[in-house]
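Have a look at the structure below, then the notes.
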There are 2 protein chains.
Amino acid sequence: MSTKQLKLTSFSNQDKLIVHNLLQKKVLEIEHNDQLKLENQLCFSVYACSREITKMYRPYLDKLGITYPQYLVLLVLWEQHETTVKALGAELYLDSGTLTPLLKRMEESGLVRRERSKEDERRVMVRLTTKGEELKDDASIIPDAMATNSGLSKEEFTKALTSFQQLLDHIHSVNDKK
Amino acid sequence: MSTKQLKLTSFSNQDKLIVHNLLQKKVLEIEHNDQLKLENQLCFSVYACSREITKMYRPYLDKLGITYPQYLVLLVLWEQHETTVKALGAELYLDSGTLTPLLKRMEESGLVRRERSKEDERRVMVRLTTKGEELKDDASIIPDAMATNSGLSKEEFTKALTSFQQLLDHIHSVNDKK
DNA sequence: ATTATTTAAGTTGTGCACAATTAAATTTTA
DNA sequence: TAAAATTTAATTGTGCACAACTTAAATAAT
C-alpha cells in the first residue's frame, strides 16, 4: 500500500483536523513509549553493570579469599583503621542485617576484630587485624587492573563516574526522604 | 612553616636536580593514587546505584507482589509472550541457577507457565498466564514514576544511559572472553 | 550405529541484601 | 529521676546471584 493512497483529498476540513489530531496523539504515544523503554534500559544496565563489575573483580578477590562487599569494607578500614558498624553502613549504604553476618565472616577468616565500645555499649567497633592490614599490599594491584579491564579512557571514565554519582546521590536522597 | 624557608639557595645544582626528581616522582605517585581512588569510587557507585534503584522500585513492585528481577522477566515476556530459560538468561545476563528457582516462584504465584519443549526436550518454554499478562496494565505507571524519581533531565538521562551501556558492553565482553 | 561431545536446565551450597522484628543501652522528656 | 523515645546491633526469614556439579537430551565424530 503506497502512501499516496492516504492523501485526504475527499475529507472535509474538519475531518482533516480530526485525523491530524489523531496522528499527533499517536506520535506522542510512541515517543512516550520510547521513553519508558529507555527508562527500563537505564535501570537494567545499572543492575547488569553492577553484577558484571563484581564478576570482573572476582578472580582477583578469590586469590585474597574475600568477596566484593568484604573488599569494600577493607577499602574503608585501610583508610580509617577503626570504625563502627553504623559508620560502615552509612558509607556503604548497608544495614546491620547485611553487615553483622558479613563482619562475622571476616572475623572468622581473621581479617577484622569486633568488640563492643566501652564508652557506648550499643556500638560495635570494627578494627583491622595484622592479617587484614597486610592484605592491603596484595590488593594494591587490583584498582589498576580494573581500570584497564573497564576499557574506558580517562575522559569516558570521569564522565561515567559523574553520571553514576549524580544518579546515586539523587536516588539515595529520594529513597531516604520516605 | 612558610614556604620561603624551602628555597634551595644553599643546594648545589646536582642536589637541586635530585630534589626536583623526587618531587616529580611524588606528584606522579599522588596522581596515580587519585586514579585508584576514582576507580574504587566508580565501582562502588555502580554497586550502590543498582541497589538504590531497586529500592526505588520496591514500593511499586510490592503492590504487584513481585520483585525487581521478576519485573525484568515480565518486561521481556510482555514483549515476547514466549521464551526459553536460555534466551531469558542471555537477555538478563542470568544463569539457570538464578532463573530456575525465580521462575518456579513466579509459576507458584500464577504469573507464568513452564513446560518442556516437545521439539527439544532440553529446553523449557516460559509463557505468560492471563494473570501475568494482565499485570502489564497495573505496571504501566512504573516507568514514568521512576523517570521522575531518578531526577535526571532528558539529556542527562541519555548521557547516563550511554555511559552505562558502554561500560556494560565492554565489561561483559571482557568477562565472557575468559 | 555407537560413542563422544555439546547443550540446556536443574541442584546444591555460600554469601549477600533487606524488610521486619527484637533486645539492650543511651538520651530525652515529663 | 522514672518513663518514654531514640539509637545501635543482632536476629529471622525470603529472595536473589553465582560457582560447581549433575542429569538428560541432542548433535557430532568415528
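By convention in this document, chain letters (A, B, ...) are assigned in the order of the sequence lines, proteins followed by strands, and residues within each chain are numbered from 1.
Remark: C1' of C:dA24 and CZ of A:R123 are 15 Å apart, rounded to the nearest angstrom. One atom, CD of A:E119, and another, P of D:dA9, lie 13 Å apart when rounded to the nearest Å. Whole-Å rounding puts the B:E107 CD to C:dA9 C1' distance at 14 Å. Atom CD in B:E115 sits roughly 14 Å away from atom P in C:dA9 (whole-Å rounding). Rounded to whole Å, atom C1' of D:dA26 lies 14 Å from atom NZ of B:K86. Between the CG atom of B:L88 and the P atom of C:dA8 there is a distance of 14 Å, rounded to whole Å.
In this structure, the side chains of B:Q166 and A:L152 come closer than 4.5 Å at one or more pairs of heavy atoms.
In this structure, B:R51 contributes its side chain and A:Y93 its backbone to a donor-acceptor pair below 3.5 Å. Remark: the backbone N or O of A:L94 is not paired with any side-chain donor or acceptor of A:T98 at under 3.5 angstrom. Checking side-chain atoms of B:H170 against main-chain N and O of A:N149 turns up a donor-acceptor pair under 3.5 Å.
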Summary of protein contacts for nucleotides 10-20 of chain C, nucleotide by nucleotide, where a base hit scores B, a sugar-phosphate-only hit scores S (4.0 Å, heavy atoms)
BB---SSBBS-
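Ring pair B:Y68/B:Y57 is tilted by interplanar angle, where 30° to 60° counts as tilted.
Classification of A:R116 and A:E121 as a salt-bridged pair fails, no side-chain N sitting under 4.0 Å from a carboxylate O.
When distances are taken from the side chain of A:R122 to each of D:dA24, C:dA24, D:dA9, the shortest belongs to C:dA24.
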